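A short write-up of the structure that comes next.
Every value quoted in this text rests on a predicted model; they were computed, and no experiment measured them. Proteins get letters first, then strands, A, B, ... in listed order; numbering begins at 1 in each.
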Amino acid sequence: MRIGYPCINRSIGCRSDQKFRLSSYTEERFVTTVAGNLSCLRRILLWNTGEHILFFRISSDIIPFASHPVCSFSWQEQFSDELHLIGDYIAESDIRISMHPDQFIILNSPDDRIVSRSIAELAYHAELLDLLGLDSSAKIQLHVGGLYGNPTESISRFIRVYTRLDPAISRRLVIENDEQRFNAVDCLKIHDETGIPVLFDVFHHACKNNGEDINAMLYGINKTWRRCDGTPMVDYSSQHPAKRRGGHAEHIDISDFRKFLEISQPHDMDIMLEIKDKETSALAAISLARGDSRFG
DNA sequence: AATGGTCAAGTCAGC
DNA sequence: GCTGACTTGACCATT
(Lines give C-alpha, C1' and ligand atoms only; values in the text may rest on other atoms or scores of the structure.)
Protein backbone atom coordinates (compact mmCIF):
# COMPACT_ATOMS: atom_id res chain seq x y z
CA MET A 1 0.00 0.00 0.00
CA ARG A 2 1.19 3.46 -0.92
CA ILE A 3 -0.45 6.76 0.00
CA GLY A 4 -0.16 9.87 -2.15
CA TYR A 5 -1.60 13.22 -3.19
CA PRO A 6 -2.23 14.92 -6.53
CA CYS A 7 -0.22 17.42 -8.53
CA ILE A 8 0.62 20.15 -6.04
CA ASN A 9 2.90 20.36 -3.02
CA ARG A 10 2.10 23.33 -0.83
CA SER A 11 5.15 23.24 1.42
CA ILE A 12 8.19 23.34 -0.81
CA GLY A 13 7.52 26.55 -2.69
CA CYS A 14 7.57 25.49 -6.32
CA ARG A 15 4.88 24.33 -8.70
CA SER A 16 5.01 21.65 -11.38
CA ASP A 17 1.72 22.78 -12.94
CA GLN A 18 2.63 26.31 -14.02
CA LYS A 19 0.80 27.44 -17.12
CA PHE A 20 -0.04 30.57 -19.02
CA ARG A 21 -2.69 31.92 -21.34
CA LEU A 22 -2.88 30.64 -24.88
CA SER A 23 -2.77 34.28 -26.01
CA SER A 24 0.66 34.66 -24.39
CA TYR A 25 2.10 31.54 -26.00
CA THR A 26 5.65 31.93 -27.25
CA GLU A 27 8.25 29.24 -27.65
CA GLU A 28 10.39 30.96 -25.05
CA ARG A 29 7.56 31.07 -22.53
CA PHE A 30 6.80 27.43 -23.23
CA VAL A 31 10.39 26.27 -22.74
CA THR A 32 10.87 28.29 -19.55
CA THR A 33 7.61 26.98 -18.10
CA VAL A 34 8.30 23.33 -18.93
CA ALA A 35 11.85 23.56 -17.56
CA GLY A 36 10.46 24.99 -14.31
CA ASN A 37 7.71 22.38 -14.07
CA LEU A 38 10.10 19.47 -14.57
CA SER A 39 12.61 20.76 -12.10
CA CYS A 40 9.83 21.25 -9.56
CA LEU A 41 8.48 17.76 -10.22
CA ARG A 42 11.90 16.40 -9.35
CA ARG A 43 11.98 18.40 -6.12
CA ILE A 44 8.50 17.20 -5.17
CA LEU A 45 9.40 13.56 -5.74
CA LEU A 46 12.59 13.94 -3.70
CA TRP A 47 10.64 15.57 -0.88
CA ASN A 48 7.95 12.88 -1.08
CA THR A 49 10.34 9.96 -0.76
CA GLY A 50 11.88 11.62 2.29
CA GLU A 51 8.40 11.55 3.82
CA HIS A 52 7.61 8.00 2.61
CA ILE A 53 5.03 9.33 0.18
CA LEU A 54 5.43 6.96 -2.76
CA PHE A 55 2.35 7.77 -4.83
CA PHE A 56 2.02 10.95 -6.86
CA ARG A 57 -0.26 12.26 -9.58
CA ILE A 58 1.57 14.30 -12.20
CA SER A 59 -0.37 17.35 -13.33
CA SER A 60 -1.65 17.38 -16.91
CA ASP A 61 -0.26 20.93 -17.05
CA ILE A 62 3.33 19.71 -16.69
CA ILE A 63 3.68 20.36 -20.45
CA PRO A 64 1.18 23.17 -21.12
CA PHE A 65 -0.66 23.03 -24.46
CA ALA A 66 1.14 19.78 -25.30
CA SER A 67 -1.76 18.53 -27.43
CA HIS A 68 -2.78 21.93 -28.77
CA PRO A 69 -1.94 22.80 -32.40
CA VAL A 70 -0.06 25.87 -31.16
CA CYS A 71 2.61 23.64 -29.68
CA SER A 72 4.95 22.46 -32.39
CA PHE A 73 8.07 22.56 -30.26
CA SER A 74 9.77 19.21 -29.67
CA TRP A 75 9.73 19.14 -25.88
CA GLN A 76 10.29 15.40 -26.12
CA GLU A 77 13.81 15.99 -27.47
CA GLN A 78 14.60 19.19 -25.64
CA PHE A 79 13.83 17.70 -22.22
CA SER A 80 14.84 14.12 -22.95
CA ASP A 81 17.68 14.09 -20.39
CA GLU A 82 15.59 15.63 -17.64
CA LEU A 83 12.72 13.21 -18.31
CA HIS A 84 15.12 10.29 -18.11
CA LEU A 85 16.54 11.52 -14.81
CA ILE A 86 13.07 11.86 -13.30
CA GLY A 87 11.94 8.50 -14.69
CA ASP A 88 15.01 6.74 -13.30
CA TYR A 89 14.40 8.28 -9.91
CA ILE A 90 10.77 7.12 -9.97
CA ALA A 91 11.82 3.58 -10.85
CA GLU A 92 14.61 3.27 -8.31
CA SER A 93 12.46 4.74 -5.52
CA ASP A 94 9.49 2.50 -6.38
CA ILE A 95 7.21 5.54 -6.76
CA ARG A 96 3.75 4.94 -8.24
CA ILE A 97 2.59 7.50 -10.79
CA SER A 98 -0.84 8.42 -12.09
CA MET A 99 -2.27 11.18 -14.26
CA HIS A 100 -5.83 12.48 -14.48
CA PRO A 101 -6.69 14.47 -17.64
CA ASP A 102 -9.07 17.41 -17.37
CA GLN A 103 -12.83 17.21 -17.52
CA PHE A 104 -12.72 18.14 -21.20
CA ILE A 105 -11.31 14.76 -22.13
CA ILE A 106 -14.31 12.68 -23.13
CA LEU A 107 -14.17 9.52 -25.20
CA ASN A 108 -17.91 8.89 -25.43
CA SER A 109 -18.98 12.23 -26.86
CA PRO A 110 -21.32 12.05 -29.86
CA ASP A 111 -19.15 14.78 -31.39
CA ASP A 112 -16.22 13.26 -33.28
CA ARG A 113 -14.14 16.43 -32.93
CA ILE A 114 -14.35 16.23 -29.15
CA VAL A 115 -13.35 12.57 -29.29
CA SER A 116 -10.32 13.18 -31.50
CA ARG A 117 -9.15 16.13 -29.39
CA SER A 118 -9.53 13.91 -26.35
CA ILE A 119 -7.50 11.12 -27.92
CA ALA A 120 -4.75 13.60 -28.82
CA GLU A 121 -4.61 14.71 -25.19
CA LEU A 122 -4.48 11.09 -24.01
CA ALA A 123 -1.67 10.44 -26.47
CA TYR A 124 0.30 13.26 -24.85
CA HIS A 125 -0.26 11.78 -21.38
CA ALA A 126 0.85 8.33 -22.56
CA GLU A 127 3.86 9.77 -24.35
CA LEU A 128 5.01 11.62 -21.25
CA LEU A 129 4.81 8.44 -19.18
CA ASP A 130 6.63 6.56 -21.95
CA LEU A 131 9.40 9.16 -22.02
CA LEU A 132 9.79 8.75 -18.27
CA GLY A 133 10.38 5.08 -19.06
CA LEU A 134 7.54 3.92 -16.81
CA ASP A 135 5.84 0.55 -17.26
CA SER A 136 2.10 0.03 -17.71
CA SER A 137 1.46 0.35 -13.97
CA ALA A 138 1.70 4.14 -14.46
CA LYS A 139 -1.95 4.92 -15.14
CA ILE A 140 -4.08 7.56 -16.80
CA GLN A 141 -7.44 7.76 -15.07
CA LEU A 142 -10.55 8.95 -16.83
CA HIS A 143 -14.26 9.13 -16.21
CA VAL A 144 -16.53 7.29 -18.62
CA GLY A 145 -17.93 10.59 -19.91
CA GLY A 146 -21.34 12.15 -20.50
CA LEU A 147 -24.83 10.64 -20.37
CA TYR A 148 -26.31 12.53 -23.32
CA GLY A 149 -29.76 11.41 -22.23
CA ASN A 150 -29.02 7.75 -23.01
CA PRO A 151 -26.67 6.00 -20.59
CA THR A 152 -26.71 2.64 -22.41
CA GLU A 153 -25.81 4.15 -25.76
CA SER A 154 -23.19 6.35 -24.07
CA ILE A 155 -21.51 3.30 -22.52
CA SER A 156 -21.51 1.55 -25.91
CA ARG A 157 -19.84 4.58 -27.47
CA PHE A 158 -17.13 4.52 -24.78
CA ILE A 159 -16.48 0.84 -25.43
CA ARG A 160 -16.35 1.34 -29.19
CA VAL A 161 -13.81 4.15 -28.92
CA TYR A 162 -11.74 2.44 -26.22
CA THR A 163 -11.30 -0.77 -28.18
CA ARG A 164 -9.95 1.19 -31.15
CA LEU A 165 -7.37 3.18 -29.19
CA ASP A 166 -3.67 2.86 -29.85
CA PRO A 167 -2.40 0.27 -27.31
CA ALA A 168 0.15 2.86 -26.19
CA ILE A 169 -2.85 4.68 -24.71
CA SER A 170 -5.19 1.84 -23.78
CA ARG A 171 -2.58 -0.08 -21.78
CA ARG A 172 -2.41 2.85 -19.39
CA LEU A 173 -6.07 3.81 -19.30
CA VAL A 174 -8.29 3.09 -16.30
CA ILE A 175 -11.84 4.29 -15.64
CA GLU A 176 -13.04 5.86 -12.42
CA ASN A 177 -16.57 5.98 -11.05
CA ASP A 178 -17.87 9.55 -10.85
CA GLU A 179 -20.34 11.02 -8.41
CA GLN A 180 -23.25 11.72 -10.72
CA ARG A 181 -23.10 9.83 -13.99
CA PHE A 182 -21.46 6.41 -14.10
CA ASN A 183 -21.03 4.57 -10.82
CA ALA A 184 -18.73 1.70 -9.90
CA VAL A 185 -21.19 -0.93 -11.13
CA ASP A 186 -21.38 0.79 -14.53
CA CYS A 187 -17.57 0.78 -14.65
CA LEU A 188 -17.45 -2.93 -13.81
CA LYS A 189 -19.85 -3.63 -16.69
CA ILE A 190 -17.51 -1.76 -19.02
CA HIS A 191 -14.62 -3.78 -17.64
CA ASP A 192 -16.47 -7.00 -18.47
CA GLU A 193 -16.66 -5.95 -22.10
CA THR A 194 -13.21 -4.43 -22.47
CA GLY A 195 -10.89 -5.61 -19.70
CA ILE A 196 -10.17 -2.02 -18.66
CA PRO A 197 -9.20 -1.76 -14.95
CA VAL A 198 -11.57 0.14 -12.66
CA LEU A 199 -10.21 2.76 -10.29
CA PHE A 200 -12.50 2.92 -7.27
CA ASP A 201 -13.26 6.39 -5.94
CA VAL A 202 -14.44 5.81 -2.39
CA PHE A 203 -15.97 9.27 -2.03
CA HIS A 204 -17.77 9.21 -5.37
CA HIS A 205 -19.09 5.80 -4.44
CA ALA A 206 -20.48 7.22 -1.20
CA CYS A 207 -22.24 9.90 -3.28
CA LYS A 208 -23.64 7.54 -5.91
CA ASN A 209 -24.30 3.89 -5.23
CA ASN A 210 -27.07 1.33 -5.01
CA GLY A 211 -26.32 0.29 -1.46
CA GLU A 212 -23.41 -2.00 -2.35
CA ASP A 213 -21.06 -2.92 0.45
CA ILE A 214 -17.65 -1.30 -0.04
CA ASN A 215 -15.66 -4.35 0.97
CA ALA A 216 -17.65 -6.58 -1.36
CA MET A 217 -17.20 -3.97 -4.11
CA LEU A 218 -13.44 -4.07 -3.66
CA TYR A 219 -13.32 -7.80 -4.44
CA GLY A 220 -14.87 -7.11 -7.83
CA ILE A 221 -12.85 -3.95 -8.42
CA ASN A 222 -9.47 -5.41 -7.55
CA LYS A 223 -9.94 -8.33 -9.94
CA THR A 224 -10.04 -5.83 -12.81
CA TRP A 225 -6.33 -5.03 -12.30
CA ARG A 226 -3.95 -7.52 -13.90
CA ARG A 227 -0.39 -8.02 -12.70
CA CYS A 228 0.93 -5.66 -15.41
CA ASP A 229 -1.45 -2.95 -14.18
CA GLY A 230 0.18 -2.89 -10.75
CA THR A 231 -1.52 -2.54 -7.36
CA PRO A 232 -5.11 -1.30 -7.73
CA MET A 233 -5.40 2.47 -7.29
CA VAL A 234 -8.11 4.03 -5.18
CA ASP A 235 -9.15 7.68 -4.82
CA TYR A 236 -10.09 8.78 -1.34
CA SER A 237 -11.57 12.06 -0.11
CA SER A 238 -13.67 13.37 2.73
CA GLN A 239 -16.80 15.47 2.43
CA HIS A 240 -16.27 19.20 3.04
CA PRO A 241 -18.53 19.93 6.04
CA ALA A 242 -19.91 23.17 4.57
CA LYS A 243 -19.79 22.58 0.82
CA ARG A 244 -22.41 20.76 -1.16
CA ARG A 245 -22.45 16.97 -1.41
CA GLY A 246 -19.37 15.94 -3.34
CA GLY A 247 -17.27 18.92 -2.25
CA HIS A 248 -13.78 17.91 -1.23
CA ALA A 249 -12.61 18.57 2.30
CA GLU A 250 -9.87 20.98 3.27
CA HIS A 251 -8.21 18.38 5.49
CA ILE A 252 -8.56 14.63 5.80
CA ASP A 253 -11.22 13.33 8.20
CA ILE A 254 -8.88 10.99 10.00
CA SER A 255 -11.53 8.95 11.80
CA ASP A 256 -13.32 8.35 8.50
CA PHE A 257 -10.02 7.32 6.95
CA ARG A 258 -9.33 4.94 9.83
CA LYS A 259 -12.74 3.42 9.20
CA PHE A 260 -11.91 3.00 5.52
CA LEU A 261 -8.64 1.25 6.33
CA GLU A 262 -10.56 -1.12 8.57
CA ILE A 263 -13.41 -1.98 6.25
CA SER A 264 -11.13 -2.34 3.23
CA GLN A 265 -9.18 -5.22 4.75
CA PRO A 266 -7.53 -7.28 3.36
CA HIS A 267 -7.38 -5.54 -0.03
CA ASP A 268 -4.07 -4.01 -0.98
CA MET A 269 -4.26 -0.72 -2.89
CA ASP A 270 -2.46 2.53 -3.58
CA ILE A 271 -4.52 5.38 -2.13
CA MET A 272 -4.67 8.83 -3.74
CA LEU A 273 -5.94 11.48 -1.32
CA GLU A 274 -7.96 14.08 -3.21
CA ILE A 275 -7.91 16.60 -0.41
CA LYS A 276 -7.20 20.30 -0.63
CA ASP A 277 -4.30 20.48 1.78
CA LYS A 278 -2.43 17.84 -0.21
CA GLU A 279 0.77 16.60 1.43
CA THR A 280 -0.38 17.65 4.91
CA SER A 281 -3.22 15.14 4.77
CA ALA A 282 -0.95 12.55 3.16
CA LEU A 283 1.43 12.80 6.11
CA ALA A 284 -1.47 12.41 8.56
CA ALA A 285 -2.80 9.41 6.62
CA ILE A 286 0.60 7.78 6.51
CA SER A 287 1.21 8.09 10.21
CA LEU A 288 -2.14 6.37 10.74
CA ALA A 289 -1.44 3.67 8.15
CA ARG A 290 1.87 2.72 9.75
CA GLY A 291 -0.08 0.39 12.01
CA ASP A 292 -1.59 -1.34 8.95
CA SER A 293 0.09 -4.52 7.73
CA ARG A 294 -0.55 -3.49 4.09
CA PHE A 295 1.56 -0.36 4.44
CA GLY A 296 5.17 -1.20 3.68
C1' DA B 1 0.60 46.51 -5.45
C1' DA B 2 -4.16 45.65 -5.81
C1' DT B 3 -8.10 44.57 -8.46
C1' DG B 4 -11.24 42.18 -11.31
C1' DG B 5 -12.28 39.93 -15.71
C1' DT B 6 -10.96 35.96 -17.90
C1' DC B 7 -9.00 31.58 -19.03
C1' DA B 8 -8.31 25.52 -24.85
C1' DA B 9 -11.33 22.19 -24.28
C1' DG B 10 -17.37 19.54 -21.86
C1' DT B 11 -21.19 18.15 -19.11
C1' DC B 12 -24.78 18.72 -16.09
C1' DA B 13 -27.01 19.96 -11.65
C1' DG B 14 -28.84 23.56 -9.29
C1' DC B 15 -30.33 27.96 -9.19
C1' DG C 1 -30.26 30.65 -19.35
C1' DC C 2 -26.39 31.21 -16.33
C1' DT C 3 -22.99 29.69 -12.81
C1' DG C 4 -20.22 26.57 -10.45
C1' DA C 5 -17.96 22.26 -9.85
C1' DC C 6 -14.77 19.00 -11.45
C1' DT C 7 -8.30 17.52 -9.58
C1' DT C 8 -7.01 23.51 -9.20
C1' DG C 9 -7.27 29.41 -8.80
C1' DA C 10 -3.88 31.67 -11.45
C1' DC C 11 -2.90 34.78 -15.34
C1' DC C 12 -2.82 39.24 -17.07
C1' DA C 13 -4.45 43.93 -18.31
C1' DT C 14 -5.52 47.75 -16.00
C1' DT C 15 -5.45 50.86 -12.44
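- Within the 4.0 angstrom heavy-atom criterion, only backbone atoms of the sugar-phosphate kind lie near A:Arg15; the bases stay farther away.
- A straight line from CZ of A:Phe20 to C1' of B:dT6 spans 17 Å, rounded to a whole angstrom.
- Residue contacts for A:Asp102: at a heavy-atom cut-off of 4.0 Å it reaches a base atom on one of the strands shown.
- With C1' as the reference atom, C:dA5 and B:dC7 are 16 Å apart, rounded to whole Å.
- Using a 4.0 Å heavy-atom criterion, one finds that A:Gln103 contacts the bases of the nucleic acid, with or without backbone contacts as well.
- Atom name P, nucleotides B:dA9 and C:dC12: the rounded distance is 16 Å, in whole Å.
- No contact: A:Pro64 has no heavy atom under 4.0 Å from any strand.
- C:dT7 makes up no base pair with any nucleotide shown, lacking Watson-Crick or G-U wobble contacts both under 3.5 Å.
- As judged by a 4.0 angstrom heavy-atom cut-off over every strand, A:Phe65 is placed among the base-contacting residues.
- C:dT7 and B:dA1 have their P atoms separated by 35 Å, given to the nearest Å.
- Counting non-hydrogen atoms of neighbouring residues, nucleotides and ligands closer than 6.0 angstrom, the NE2 atom of A:His84 reaches no more than 12 such neighbours.
- With hydrogens and angles ignored, a donor-acceptor pair under 3.5 angstrom links the side chain of A:Arg21 to the base of B:dT6.
- Checking side-chain atoms of A:Thr231 against main-chain N and O of A:Asp270 turns up no donor-acceptor pair under 3.5 Å.
- If you take CZ of A:Phe203 and P of C:dA5, they are 14 Å apart, rounded to a whole angstrom.
- In this structure, A:Ser136 contributes its side chain and A:Arg171 its backbone to no donor-acceptor pair below 3.5 Å.
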| task | For the pair A:Arg10 and A:Asp277, evaluate salt bridge (Lys or Arg N to Asp or Glu O under 4.0 Å) and give the outcome as yes or no after the intermediate values. | result | CA-CA 7 Å; A:Arg10 290 182 167 186; A:Asp277 71 359; over 6 Å; no
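- Nucleotides B:dG5 and C:dT3 have their C1' atoms positioned 15 Å apart, rounded to a whole Å.
- Across all strands, A:Ser67 comes closer than 4.0 Å to base atoms (heavy-atom distances).
- In this structure, A:Arg117 reaches the B:dG10 phosphate: one of its side-chain N or O atoms is under 4.0 Å from OP1 or OP2.
- Between B:dT6 and C:dG4, the two C1' atoms lie 15 Å apart (nearest whole Å).
- With rounding to whole Å, A:Ile106 atom CD1 is found 18 Å from B:dA8 atom P.
- Each of A:Gln141, A:His205, A:His204, A:His100 was scored for a side chain to side chain donor-acceptor pair (under 3.5 Å) with A:Asp235, with one residue passing: A:Gln141.
- For B:dA9, there is no paired nucleotide, since no Watson-Crick or G-U wobble pair has both relevant distances below 3.5 Å.
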